[in-house]
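Note that these values count all heavy atoms, side chains included, but never hydrogens, waters or copies made by symmetry.
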Amino acid sequence: MLSEFFELVQFLFVVLFTTFLFNCVEYDVLFANKFINHTGSSHPERNKVTLPDAILPTEQCTARIQKNGWIIFLLTMAAVFWVYRLVKVICNLLSYWEIRTFYIKALKIPTVELCNYSWQEVQARLILLQREQQMCIHKKELTELDIYHRILRFKNYMVAMVNKSLLPVRLSLPLMGDTIFFSQGLKYNFEMIFFWGPGSLFQNKWNLHPKYKRSGSRLELARQLSRTVLLIGIANLLLCPFILVWQILYAFFSYTEVIKREPGSLGARRWSLFGRLYLRHFNELDHELQARLSRGYKPATKYMNSFTSPLLTVFAQNLAFFSGSILAVLIALTVYDEDVLTVQHILTAITVLGIVVTVCRSFIPDEYMVWCPEQLLQCVLAHIHYMPDHWKGNANKSETRDEMAQLFQYKAVFILEELLSPIITPFVLIFSLRPRSLEIIDFFRNFSVEVVGVGDICSFAQMDVRKHGNPMWLSEGQTEASVYQQAENGKTELSLMHFTITNPHWHPPQDSSVFISHLKEKVQHDAATGPPAQHLLSDTPLCNSLLSNESTNIPENLIVSLLTRSALPGSLLTGRDGRFGQSCSTASAAASVLASLSSTHHPTRTRSHTLLVENGAESSLYRSDRTIMEESTSASAGSGRSLLLANFASTEMSLHAIYMHELHQQSAQPQYMAQGSQTLSSVTEQPTAPVPPLTSPETLTAYSQLHLGGWAEESEGEDPITDPQEPQDHEEEVPSKMDRVSVLNI
């Protein structure tokens, strides 16, 4: 709530300060191009120009503003928009007050203690309250999945549309080629068209319009949606100049000081808005997604930094040398005589040269860096859980790096996208989204289901393997989904595993339980044929070097150790019979560790393995006698232990992601080999015919409310009232309270 208030203050400040700079400052006096006579003043000997000399009197400033019709028009529009936002803030304030009362009186959580409660604790109290007071009259009990569905209703639709390549976010731009464009402004327009704007598909926050559930009028509904998109696109086109001016002003006031203080900040990376939707699980809350991507930030940065250009490095080294030499001379002259600073543009030269040197150094790689892109990409996958099939084995290719850059972009690219958004967004809506109107209507009709006590939700969010499973992702024989109904990239299966591990009290439906049991049996089988976990995590020199810092995150060390040992030569590993064997696959290594975490007896433990068990890092998926929830709420368990258990739950999901991707690659490889053999046989039978191309692995499938301050650097919730969200920490750091919850509106 406080952030919304300061957004209003920021908007007011930017408008008034910009108006003052354009109309109330005498720049000829400020730049000493106009002589000021101080003879009539009380200090006639004063010749230096002061700041009040460059500011016009109030009467003259007001007269300038009144004479400029454009200024009056822009100020009027800004005032109308500000009043509109003020009304929304007041309405949100009333809702926040109701939520505060609900937390205090119903959930028995004092306001001062709210930040110390984990989301699991709040969710448990909410489920218990439903049993006692029957808040939702349509069903007796609320499940964890019901709560997630109500909070993430619209977000699940957006994740599904990105997964099914329905949103037109892949564009071919001049000089940039094929690129992903998905800005805050474009996302705002998508959500307005689909969910809450005039003519949207939803009639309220929980129900789809009944007419969109019937197939008889799909063509007419597609024409209506096309007209709505056209009108909104034209409105964006008319407002483009004003929005563009605001974006430029906001970017200038926000980033100029940062660039001057830390020029290298533009070279820092962030997870793109498209990447957040592409990598998001179904039913994953904002704070859960933020914590997961924060863990993957450092591995992703290391992977992207492992690509260097020798030519660019040489050029940057020499440019840094020349610029640094001139800068050193100027600084030395300034130290010798400070009057050097009075020379025209000397401060500008020092600032620009300092920025050039800093930028050049960012292109010079660390001379001690070891280039191992495949292992780094595996470390990234352990946290982000999704990647296209053709990245496997091609981590050293520039094409893979370019596609990764679409998910993990430079901050400078983010700023540029937001600045270009007012120009590009109208054309995306008019020429790219409108032709897909019929596909969108069919999507919402085919993939919307009504759940009692919840409302209409995206059917993909039910994580039903039978309806939306992919046979290439361990659900063969369990799914009846067609290609159109299947989720891409194993989204259904991975989301199911993530939700099961995150919510150990949840009882999945029968079909989902069968899939989980099948996966458990597969893990146990592969673990029996693979090397013991104690050998994978034993204290070798390489593992010791990676695990030398005891203050680092133990789950993170476990993943690094696993990936390191699975890549070692076979002579360094022993089988379960004690003899030296061949190098193990990553799948068998992950299965061994997962099975080891689920066991209760550990006769032989290494240092890292002992730390895991001593800290209670037993697998939530395979425990039957207790759960993470029970341990975190027990009398002996504090908030630190709850946070540690959540970290290990994240580690378990990382291991499952690695394991499932490896099995998917193994199941997909015979298909590609069969296609290759068919191609070879066709060439043998018809030697004069041209060789048909091999079927390539699946490519990146993602085709896909603005804040008052122009845009937000982090993904914001669709509704600040109903979405419990983690405070947005800097992405380089793992949030210290990753499972903190703010509010929930049922």
Check the orientation of [X] and [Y]. Use parallel for under 30°, tilted for 30 to 60°, and perpendicular for over 60°.
X      : Y      : answer
Phe307 : Tyr303 : perpendicular
Phe444 : Phe195 : perpendicular
Tyr27  : Phe31  : tilted
Tyr188 : Trp196 : perpendicular

Backbone N or O of [Y] within a donor-acceptor pair of the [X] side chain at under 3.5 Å?
X      : Y      : result
Trp206 : Val454 : no
Asn283 : Tyr148 : no
Gln406 : Gly275 : no
Asn489 : Lys491 : no
Ser362 : Val359 : yes
His149 : Ala461 : yes

Just wondering, do [Y] and [X] contact through their side chains at under 4.5 Å, heavy atoms?
X      : Y      : value
Trp271 : Leu279 : yes
Pro241 : Val245 : no
Glu4   : Tyr96  : yes
Leu273 : Leu186 : no
Leu225 : Ile193 : yes
Ile234 : Pro426 : no

Task: Verdict with supporting geometry, Lys155 and Leu289, side-chain contact (heavy atoms from CB on, under 4.5 Å) - done: CA-CA 12 Å; Lys155 281 190 171 67; Leu289 174 68; over 6 Å; no
Taking the six-membered ring for Trp, is the centroid-to-centroid distance between [X] and [Y] below 6.0 Å?
X      : Y      : answer
Phe154 : Phe194 : no
Phe447 : Tyr157 : no
Tyr297 : Phe408 : yes

Minimum heavy-atom distance between [X] and [Y], given as atom pair plus value:
X      : Y      : value
Asp178 : Ser172 : OD1-OG, 4.1 Å
Leu208 : Ser448 : CD2-OG, 3.9 Å
Gly296 : His383 : CA-CB, 3.7 Å
Asp456 : Phe202 : O-CE2, 4.3 Å

Open item on the list: Less than 6.0 angstrom from the centroid, inside 45 degrees of the normal: does Arg269 satisfy that with respect to the ring of Tyr410?
Closed with: yes
- [ ] Go through the steps for Val159 and Tyr278 under the test side-chain contact (heavy atoms from CB on, under 4.5 Å), then give the verdict.
- [x] CA-CA 7 Å; Val159 172; Tyr278 176 80; over 6 Å; no
Does a salt bridge link [X] with [Y], judged by any charged N lying under 4.0 Å from a carboxylate O?
X      : Y      : value
Arg64  : Glu26  : yes
Arg292 : Glu284 : yes
Arg223 : Glu220 : yes
Asp286 : Arg276 : no

Open item on the list: Evaluate Trp119 against Glu288 for side-chain contact (heavy atoms from CB on, under 4.5 Å), listing each step before the verdict.
Closed with: CA-CA 10 Å; Trp119 162 246; Glu288 297 170 348; 4.2 Å; yes
- [ ] Please identify each residue that fulfils salt bridge (Lys or Arg N to Asp or Glu O under 4.0 Å) with Arg434, with sequence neighbours left out.
- [x] none
